[in-house]
Amino acid sequence: MTTTTTTSIAVLTRPDSADPTRPINDNATRPDSDIATLPDRIRRDPTAFRVLSGDRPTGPLHLGHYLGTLANRVRLQDAGVPVVVVIADYQVITDRSHPGPLRDRVRTLIAEYLAAGLDPDRTMIFAHSSVPALNQLMLPFLSLVTDAELHRNPTVKAESLAARRPLGGLLLTYPAHQAADILGTGGTVVPVGRDQLPHLELTRVIARRFNDRYGPVFDPPEALLTATPNLLGTDGAKMSKTRGNTIALGDTADRTAAIIRGAQTDSTRRITFEPATRPQVANLLSIIGELTGRDPRAVADDIGDGGAAELKRRAVEAVNETLAPLRIRRTELLAEPGYLDGVLLDGTARATALAGEVLDRVRRAMGMDYLG
Ligand code: ATP
Ligand code: MG
């Protein structure tokens with residue numbers, strides 16, 4: 001199955017109250033609209049929505065991105081929803097001192113987006129630092145949140161602990177910075193992994209508070225999760241570039257096989273789908289299920305007493321089969337840096353126009369439109 005041929009939109013789920021990434025503000029959990037019907041509403045009227053989503057250019061994309069958000073971006077694009085993708089370059093320095101080889105990483109990200117099926121004619125791709133209007137929104141947005149709300153954000157806390165350094169001002173405030181990216185480009189649907197839900201709730205709070213204070217300018221956006229909103233890496237923790245526990249989209253078939261064979265499972269031979277008690281086994285079953293369009297429980301039943309070796313063999317097969325065309329296209333695109341830069345230039349021009357219009361509306365609402 002490839003992402004470019006399907007237009008089904010993944011079912012939305014809400015975090016339960018035991019979830020460590022539960023929303024930071026109870027008021028914010030009261031939906032403005034019935035969130036479970038979002039996929040249907042999108043299908044009925046795709047152009048009434050705009051998708052905003054993005055990634056930090058901290059390294060190559062991995063299977064967690066693909067199954068957690070990227071495949072949904074492509075599905076939404078193919079369903080006719082305008083899509084905006086922000087390469088969140090300023091966010092790289094939230095938890096590290098140096099931005100790293102940004103130019104190469106940004107080009108690689110663009111190649112991976114396009115290889116996964118994003119189409120630059122329908123989807124605008126830009127880097128945050130190239131659209132300064134978005135940063136202007138940070139100031140009024142920061143005035144709408146308290147330091148306690150910022151400090152309560154469980155993802156920020158977890159990222160600060162993982163970075164093993166004192167909580168910096170940019171890390172603390174980056175959910176407001178993300179609110180500026182989403183609201184500043186008119187995003188109403190945000191396909192994200194579960195780690196982003198607290199940030200999205202803050203965005204909704206900011207949108208509502210801004211509207212209450214200055215008049216209706218923003219639509220509070222809605223999160224779109226996939227069935228795998230928190231894909232685990234080879235060590236059993238969230239798959240993430242920073243942890244180095246990833247299956248990268250650009251890895252070779254052999255390397256992918258070696259990584260999956262080395263992934264932690266458990267010692268029970270019979271394969272069952274029990275995410276709470278057997279998270280690593282469930283993770284591999286979910287990967288196979290998502291990539292082959294099957295229920296992970298049915299996959300578990302098929303494997304039965306085949307054990308971890310058979311589970312991993314099927315996971316390797318599903319991942320390599322799905323990613324084979326993407327990898328070929330990725331390599332071709334990486335050989336054309338001029339084309340990739342052109343995609344960025346074009347996306348930046350369109351995002352600049354979009355963010356400029358939103359900033360104008362914000363200035364008018366706040367009475368700052370002295371210059372017309
Ligand atoms: P880093 O370690 O540098 O933070 P990352 O691997 O966490 O990188 P991000 O760029 O922070 O990736 O995340 C980009 C998007 O991908 C977000 O919407 C995030 O929720 C989603 N995502 C990242 N990792 C996963 C995962 N393991 N499962 C599901 N979604 C994920
Ligand atoms: Mg991250």
Side-chain angles (χ1 to χ4, degrees), residues 10 13 15 19 21 51-74 76 83-102 105-106 108-110 112-113 116 118 125 127-128 153-164 170-171 174-175 177-178 181-182 187 189-201 203 221-250 259 263 275 279-280 282-284 286-287 290-291 319:
T13 53
D19 192 314
T21 58
V51 167
L52 183 284
S53 196
D55 310 283
R56 304 203 301 164
T58 44
L61 292 178
H62 52 68
L63 202 60
H65 295 116
Y66 184 79
L67 291 176
T69 163
L70 183 53
N72 253 357
R73 296 178 202 168
V74 177
L76 288 158
V83 177
V84 182
V85 177
V86 55
I87 297 178
D89 49 2
Y90 272 126
Q91 282 185 25
V92 172
I93 47 171
T94 52
D95 62 354
R96 61 201 77 194
S97 315
H98 296 288
L102 279 177
R105 284 184 173 161
V106 168
T108 304
L109 268 184
I110 298 170
E112 291 175 337
Y113 293 152
L118 289 179
I125 300 171
H128 180 101
N153 184 314
T155 301
V156 167
K157 278 191 206 161
E159 288 178 353
S160 168
L161 272 176
R164 295 168 194 264
L170 190 62
L171 182 54
Y174 99 92
H177 176 148
Q178 261 180 228
D181 294 348
I182 297 168
V189 177
V190 190
V192 282
R194 184 178 287 151
D195 59 311
Q196 296 296 313
L197 286 176
H199 307 348
L200 204 74
E201 292 295 350
T203 301
E222 298 175 76
L224 188 66
L225 295 182
T226 66
T228 47
N230 185 33
L231 202 78
L232 305 181
T234 46
D235 58 356
K238 170 187 172 276
M239 186 178 285
S240 93
K241 297 177 227 117
T242 308
R243 288 186 66 95
N245 61 354
T246 67
I247 300 167
L249 300 185
I259 292 172
Q280 283 111 322
N283 195 54
L284 288 170
S286 296
I287 291 174
E290 278 294 284
L291 296 179
V319 173

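For ligands, and for the atoms within them, numbers begin at 1 and follow the listed sequence. Note: hydrogens, waters and symmetry copies are ignored here, and every other heavy atom, side chains too, is used.
For a heavy-atom separation below 4.0 Å, the residues in contact with ligand 1 are Gly54, Asp55, Arg56, Thr58, His62, Gly64, His65, Gly68, Thr69, Arg96, Val192, Gly193, Asp195, Gln196, Thr228, Pro229, Asn230, Leu231, Lys238, Met239, Ser240, Lys241, Thr242.
Residue pairs that meet the salt bridge (Lys or Arg N to Asp or Glu O under 4.0 Å) test with at least one member in residues 54-74, sequence neighbours left out, are Asp55-Arg73, Arg56-Asp95. The stretch residues 225-243 participates, sequence neighbours left out, in these salt bridge (Lys or Arg N to Asp or Glu O under 4.0 Å) pairs: Asp235-Arg243.
The aromatic rings of His177 and His128 sit tilted relative to each other, their planes meeting at an angle between 30° and 60°.
None of Lys157, Gln91, Glu159 except one satisfies the side-chain contact (heavy atoms from CB on, under 4.5 Å) rule with Leu171; the exception is Glu159.
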message: The test is side-chain contact (heavy atoms from CB on, under 4.5 Å); show your working for Glu222 and Val189 and say whether it passes.
response: CA-CA 5 Å; Glu222 298 175 76; Val189 177; 5.5 Å; no
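In terms of the ring-ring contact (aromatic ring centres under 6.0 Å, His included) criterion, residue partners of Tyr174 (sequence neighbours excluded) are, by chain and number, His199.
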